[in-house]
Amino acid sequence: MRSSGSLLVDNIGELVTNAPGEGEGGPLGVHRDAALLVEDGLVAWVGPARGAPAADRRVDAAGAAVLPGFVDSHAHLVFAGDRAAEFAARMAGEPYTGGGIRTTVGATRAAPDSELRGNVRRLRDEALRQGTTTIEIKSGYGLTVADEARSLRIAAEFSEDTTFLGAHVVPAEYADRPDDYVGMVCGPMLAAAAPYARWIDVFCERGAFDVDHARAILACGQAAGLGVRVHANQLGPGPGVQLGVELGAASVDHCTHLSDADIDALAATGTRDGATSTVATLLPGAEFSTRSPYPDARRLVDAGVTVALATDCNPGSSYTSSMPFCIALAVREMRMTPAEAVWAATAGGALALRRDDVGVLRPGARADLIVLDAPTHLHLAYRPGVPLIRQVLHNGVPQ
């Protein structure tokens, strides 16, 4: 739904546009004492408050900061069940291996559509209240032809960016026949899922899919017209990042354990909209929830690799929908500056989805924005855990 008529957001103390060369320059394109005009759900004008045009309606930011809505480019929202006991066991010292995914698979297969849809709506709305206006949603907890197709059909009701993750893990019934499962993923499962998906993803990791299986699945997805994403190098060093670069993936996600060769490969992917063609999407909520080492974002940024931040919202290893929480973790634990983390959670996420209509506030972009209960973007990391999202506009409509 888009707004009708015009809406002026004015009295903005700090406006983050993410438009290169705008305002004070730098990656955030900051304007002071600014205003923004919305028409038909799009940004129509940005400039100084004193020069703001007339509008039908007005939102007074009262001197606060205004930012683009967060773009969460990695989330697993279609599931049933709960894994709180698994979390408690990890906090008591048990290591994370990814094995709990099969627990969620069983609960998801048994759940009716209404339960799955209700859970997606609950989490989407929870994320929206915390400033997330664009969210990618993966399948991956069905792992049958019918359950993967219905997961994506439900996900498509809530997001333009849906991802087929039939290759999340090999389900129990195929444990001794992984080649047969890969054949099903590439054949009838992909055929049933593709009409509801924009992307294909594979968990290329020990205990999940090796590089040959991952390459075969992703190549089949590309042939079906889907873009490539890869779960890569989360649990240890591995070939996932290099495979993503080889196949021109929009994003390689997790990137917890990277070699110099991995970083060099990402940095050499060329540029797309001034960024590396393959984005490194970091998911600090997973490290927080599994007591694992955090990715070294500083190393990636200094090498010229484009970085995105996302929540990895899922019931096992990162049950958070809060992008502000991930920003705070990135600054505290991954050596990002507040400006870098905010950019990664907005413009970076948009690049990871190869979108140019979100994550920025410039004429022609979607009018997705948040008003903070704070004077600057710095407070997102400076005041961790505090609910600083005062107001959200999605497609120009106050939520």
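At most 12 heavy atoms of other shown residues, nucleotides or ligands fall within 6.0 angstrom of atom CZ in Phe288. Counting non-hydrogen atoms of other residues, nucleotides and ligands closer than 6.0 Å to CZ of Arg117 gives a total above 12.
Between atom CG of residue Leu128 and atom NE2 of residue His394 there is a gap of 6.5 Å, rounded to the nearest 0.5 Å. Interatomic distance, CZ of Arg124 versus CD1 of Ile135, reported as 9.0 Å (0.5 Å rounding). Put simply, CG on Asp296 and CG on Leu258 are 8.5 Å apart, with the number rounded to the nearest 0.5 Å. Between Arg153 atom CZ and Leu116 atom CG the span is 10.0 Å, to the nearest 0.5 Å. For the atom pair CG (Leu235) and OG (Ser292), the distance works out to 7.5 Å, reported to the nearest 0.5 Å. To the nearest 0.5 Å, the span separating CD on Glu115 from OG1 on Thr108 amounts to 8.5 Å.
Between Arg366 and Glu160 there is a salt bridge, since at least one side-chain N of the basic residue sits less than 4.0 Å from a carboxylate O of the acidic one. With salt bridges taken as basic N to acidic carboxylate O contacts below 4.0 Å, none links Arg121 and Asp125. A salt bridge does not link Arg229 with Asp201: every distance from a Lys NZ or Arg NE/NH1/NH2 to an Asp or Glu carboxylate oxygen is 4.0 Å or more. Salt bridge Arg58/Asp60: present, at least one basic N to carboxylate O contact under 4.0 Å. By the 4.0 Å N-to-carboxylate-O rule, Arg198 lies too far from Glu136 to be salt-bridged with it. For the pair Arg50 and Asp10, the salt-bridge criterion is not met [side-chain N within less than 4.0 Å of a carboxylate O].
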>> Assess the residue pair Leu226 and Trp199 against the criterion (side chain to side chain contact (heavy atoms under 4.5 Å, CB included)); give the C-alpha distance rounded to whole Å, side-chain angles, the decisive distance to 0.1 Å, and a yes or no.
In response: CA-CA 5 Å; Leu226 303 182; Trp199 303 97; 5.7 Å; no
>> Let's go through Phe70 and Leu380 carefully: what are the C-alpha distance in whole Å and the side-chain angles of both, what is the deciding distance for side chain to side chain contact (heavy atoms under 4.5 Å, CB included) to 0.1 Å, and is it a yes or a no?
In response: CA-CA 12 Å; Phe70 300 124; Leu380 288 166; 4.1 Å; yes
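Identified under the side chain to side chain donor-acceptor pair (under 3.5 Å) test for residues 343-352, with sequence neighbours left out: Asn18-Thr346.
Using bins of under 30°, 30° to 60° and over 60° for the plane-to-plane angle, the ring pair His254/His231 lands in the tilted bin. Ring planes of Tyr141 and His76: tilted class, angle from 30 to 60°.
The two residues Ala44 and Glu39 make their nearest non-hydrogen contact at CB-OE1, 3.8 Å.
Hydrophobic side-chain contacts under 4.5 Å tie Met91 into a cluster, directly or through other members, with Phe87. Cluster partners of Leu388, using a side-chain heavy-atom cutoff of under 4.5 Å among ILVMFWY residues and allowing indirect links, are Val386.
The hydrophobic clustering, which links ILVMFWY residues whose side-chain heavy atoms are closer than 4.5 Å, places Leu378 and Met323 apart. Cluster membership check: Trp45 does not share its hydrophobic cluster with Val371, using side-chain heavy-atom separations under 4.5 Å among Ile, Leu, Val, Met, Phe, Trp and Tyr.
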